[in-house]
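Because only heavy atoms are used, hydrogens play no part in the values below, and waters and symmetry mates are left out as well, while side chains stay in.
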Amino acid sequence: MIELDAVSRRYDGGPPALQDVTLSVPRGQALAIVGPSGSGKSTLLNLLAGLDRPSAGTVTVDGVRVHELGEAASAKYRRATIGLVFQFFNLLDDLTVADNVVLPAWLAGVAKAAAQRRAAELLDTLGIARHARAYPGRLSGGERQRVAVARALMNRPALLLADEPTGALDSASGEDVRELLTGLRAEGQTIVLVTHDLRLADAVATRTVELLDGRVVADGTTPTGAAAIGVAP
Ligand code: ADP
């Protein structure tokens, strides 16, 4: 599903943000990327999302050579292939919850009735149907993150990318999001999760890659993740 081959990303004047990263992620794997601040986690996520280009190496996701995409093609790739969940939700405050969720489908040209049906199903599944007509500003952080996850799932993404999804939440809401992502993992959703939250990584991920100074310094199957899917660690 994901193939990174000898990927480096260098910003002008600084040390490399990523150095020679080679990584292969099969479909259905839930991968956590951990490491201290500045180790290259967001850079890696941005490359997978087609929001940034490597200085060297290749990035292939679901058969798409992401490093070769221009701006329009990468926007289309994101709509078709990627679901994105951010620390601070990134919802549009002047759209209702339902419209936030349906928006990616409209942008992808899905017929309105079908899109609305799918949005309603997702809101129901994620336990936020009663807020469909509310504006995000009226919701708690945990509820907003559920809306953001619903939006991310709207176009049935091959790859769900989550950047510190519990970073702005209290512990109870964080636990909700943890359960939600764990459930998606169990359903076979391919997930790449960047987090400082080791409980989240342990619960959701079946594999953890640690970055330091832009290099992979550890790569292993996580015991909890392995146990959770019934495989001996
Ligand atoms: P993390 O997400 O692990 O905190 P980042 O990927 O954000 O790390 O950053 C890795 C390195 O790249 C850091 O040294 C950071 O300062 C640098 N960096 C990230 N984005 C930029 C940018 N737009 N311009 C210059 N340097 C950047």
Point to revise | Stepwise side-chain contact (heavy atoms from CB on, under 4.5 Å) test for Q145 and V85 | key: CA-CA 8 Å; Q145 197 59 300; V85 178; 3.5 Å; yes
Exercise for review: Go through the steps for L23 and I2 under the test side-chain contact (heavy atoms from CB on, under 4.5 Å), then give the verdict.
Suggested key: CA-CA 8 Å; L23 198 61; I2 300 173; 6.0 Å; no
Just to verify, what does [X] make a side chain to side chain contact (heavy atoms under 4.5 Å, CB included) with, not counting sequence neighbours?
X: E210; value: V34, V217, A218
X: V194; value: I33, K41, L45, D163
X: Y77; value: V61, V64, V66, L69, T81, I82
X: A105; value: V110, A115, M154, N155

Side chains of [X] and [Y]: closer than 4.5 Å at any heavy-atom pair?
X: T182; Y: E179; value: no
X: L211; Y: L18; value: yes
X: Y135; Y: T96; value: yes

Practice item. Check whether more than 12 heavy atoms from other residues, nucleotides or ligands sit under 6.0 Å from atom CZ of R79, and answer yes or no. Key: yes
Practice item. State the CG-NE2 distance between L4 and H67, to the nearest 0.5 angstrom. Key: 11.0 Å
Study note, to complete from the structure: Taken to the nearest 0.5 Å, the spacing of D124 CG from R130 CZ works out to 11.0 Å
**Study point:** Partner residues of R65 under the salt bridge (charged side-chain N to carboxylate O under 4.0 Å, His left out) criterion, sequence neighbours left out
**Key:** E68
Check your understanding: Who passes salt bridge (charged side-chain N to carboxylate O under 4.0 Å, His left out) against D219, sequence neighbours left out?
Key -> R207
